[in-house]
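Working notes, beginning with the structure itself.
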Amino acid sequence: MLRITNLHATVADKPILNGVSLTVPAGEVHAIMGPNGSGKSTLAYVLAGRPGYEVSEGGATFEGRDLLAMEPHERAAAGLFLGFQYPVEIPGISYLQFLRESLNSQRRARGQDELSAADFIKVAREQAKLLEMDSEMLKRPVNVGFSGGEKKRAEMVQMGILAPRFAVLDETDSGLDIDALRIVGEGINRIMRAPDKGVLLITHYERLLEHVRPDRVHVLQAGRITRSGDIELARDLEREGYTEAAA
Amino acid sequence: MTAPFPTRKQEEWRYADLDALQPVWERFSEPMTVIVGAGEELEEVWLPVAEDVQVRRVSLALGEGAKARLFMLNTAPVYGRIELEVTLAQGADFELFGANIGTALSTNEIVTKVKHVGIGGRSRQTVRSVLNGKAVGSYLGKVEVARGAQQTDAEQSVKAMLLDRGATANCKPELEIFADDVKCAHGATVGELDAMQLFYAESRGLDPASARALLLEGFVMGLWDGAKDGDAIREAAREALRSVV
């Protein structure tokens, strides 16, 4: 579904990714773990198309299409979702307006009918409820005044509403307490565990993986995948740290 | 008695459209006086009216511990001027949230003089301008802190977006401070939408043009987030933005 081949990328002329190769087949959840500065977030941004993140070599395809040739909004319409490590605040625009316009923009691009305001609100309320978020929060400006944990939960509500084919989740677990972690983990399973969907889950900690149970775990170090394994690898890392486990 | 007609040599009139002002000057030569008594609170929304030239000149006096919060939309087709002189007694609190939305050859300006005369007053002024064509949008804001008005806390935040090369934004925060224990902050920017906000919106599926339109809306609409009764100004601002974006 997602195939990354020998991907090299630079940010402000500094090489960050140095040949990442990785394939996530449909129906699978893959986790990427790695120390600070190993390039995890850069990989997420490159896949979503953030300006300033330059690919210098290699490539990535999404369902056979050249992912890197698409604009960020085209990637979204194709079914790619990025869960941000630091969700962005947009004062003056309510979550409801933001997500309705986003969803309808995606639907137009796919040649589907737009959702009416009433239908949209129904979907949004339902998704908020499933993630145990007060749906009144959707009337507030995007992420303004939300706590760190609320922002992350709201990212999952967005994912539920936009219903992507593939999600790249960048440290969605950071800033969550134990209960919120379980709710977010269950949300990922509910929304994304399907034979035609896939997830790339970027995390520092093994705890979320106990809820989501990835099919594969990869270790990213110095811009390269240095080890791959199953969830036991994540448990080893949690116990021994990156230096020990990689040795 | 009509006050003498202003000239451009006066700092507070330097960007004004005096030709447009001349025929209506008689109506506006004297500012309207508003007094908020000690401990009282005032919240007002100033909406545009259906006239080519719209002028509002107000002198506002805040008593001890009084609070005033003003939301204003300045979007006259020819010349709009909102002029405000505010005096803050001890512990008074003043907040202004204003937008200039201008198109074609219009001039819209918000001109303030905020005088802190008592201890511990707080003032916040937030002005956003969105301009296209050859429109001019200005904010001239003077903050005066009198001798003895210690622990004054004053802030001015002014931002403008120019959508065409011919549009002009004037941002002029000015401070005159005669006390030594005060906090006066001001910031002014003209220009670009936030790159991270744009990427966030596009990553959700909005094409670049829609993302820009949405963020411009947010740039202005964020002003009214704190208004108790903000529906009318929200609607009026959306309407004004549609003619500009």
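What's counted below: heavy atoms across the whole structure, side chains too, no hydrogens, waters or symmetry copies. We name chains A, B, ... by the order of the sequence lines, and we start the count at 1 in each one. Since we're looking at a predicted model, the values are computed, not measured.
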Q.
Under the criterion salt bridge (charged side-chain N to carboxylate O under 4.0 Å, His left out), I'd like the reasoning laid out for Glu63(A) against Arg165(A): C-alpha separation, chi angles, the key distance, then a yes or no.
A. CA-CA 10 Å; Glu63(A) 302 195 301; Arg165(A) 308 280 314 278; 2.9 Å; yes
Q.
Is it the case that over 12 heavy atoms from other parts of the model lie below 6.0 angstrom from the CZ atom of Arg140(A)?
A. yes
Q) How close do Val168(A) and Ala44(A) get, heavy atom to heavy atom, and via which atoms? A) CG1-CB, 3.8 Å
Q | Within 6.0 angstrom of Asp119(A) CG, more than 12 heavy atoms from elsewhere | A | yes
Q: Can you establish whether the number of heavy atoms outside Asp113(A) located under 6.0 Å from its atom CG is more than 12?
A: no
Q. What are the two closest non-hydrogen atoms of Ile101(B) and Thr75(B), and how far apart are they?
A. O-OG1, 2.8 Å
Q: Examine whether an atom of Val144(A) lies under 4.5 Å from a heavy atom of chain B, and if so say whether it belongs to the side chain, the backbone or both; otherwise answer neither.
A: neither
Q. Of all the residues in residues 50-61 of chain A, which have a heavy atom that comes within less than 4.5 Å of a heavy atom in chain B?
A. Arg50(A), Pro51(A)
Q: Decide whether a cation-pi geometry holds between Arg69(B) and Phe71(B); the criteria are a distance under 6.0 Å from NZ or CZ to the six-membered ring centre and an angle within 45° of the ring axis.
A: no
Q | Contact leader toward chain A among Ser210(B), Pro208(B), Ala211(B), where contacts are heavy-atom pairs under 4.5 Å | A | Pro208(B)
**Q.** Option in Ser94(A), Ser105(A), Ala78(A) with maximal non-hydrogen atom pairs under 4.5 Å from chain B
**A.** Ser105(A)
Q | Residues from residues 153-164 of chain A approaching chain B under 4.5 Å (heavy atoms) | A | Glu155(A), Gln158(A), Leu162(A)
Q. Does a sphere of radius 6.0 Å around NZ in Lys134(B) hold more than 12 heavy atoms from other residues, nucleotides or ligands, not counting ones at 6.0 Å or beyond?
A. no
Q: Let me know if Ala195(B) has heavy atoms under 4.5 Å from chain A in its side chain, its backbone, both or neither.
A: neither
Atom pairs and distances, side-chain donor-acceptor, residues 81-90 of chain A, under 3.5 Å, sequence neighbours left out:
{"residue": "Gln85(A)", "atom": "OE1", "partner": "Ser41(A)", "partner atom": "OG", "Å": "3.0"}
{"residue": "Gln85(A)", "atom": "NE2", "partner": "Glu171(A)", "partner atom": "OE1", "Å": "3.2"}
{"residue": "Glu89(A)", "atom": "OE2", "partner": "Lys151(A)", "partner atom": "NZ", "Å": "3.1"}

Q.
At a 4.5 Å cut-off on heavy atoms, which part of Glu101(A) comes close to chain B: side chain, backbone, both, or neither?
A. both
Q) Would Met1(A) and Phe62(A) count as a side chain to side chain contact (heavy atoms under 4.5 Å, CB included) if you check the C-alpha gap in whole Å, the side-chain angles of each, and the deciding distance to 0.1 Å? A) CA-CA 6 Å; Met1(A) 191 171 203; Phe62(A) 180 53; 4.1 Å; yes
**Q.** Residues in salt bridge (charged side-chain N to carboxylate O under 4.0 Å, His left out) contact with Asp207(B), at least two apart in sequence or another chain
**A.** none
**Q.** Residue Leu215(B) versus chain A: region with a heavy atom under 4.5 Å
**A.** side chain
Q: Run through Arg57(B), Lys113(B), Lys142(B) and flag the one making a salt bridge (charged side-chain N to carboxylate O under 4.0 Å, His left out) with Glu83(B).
A: Arg57(B)
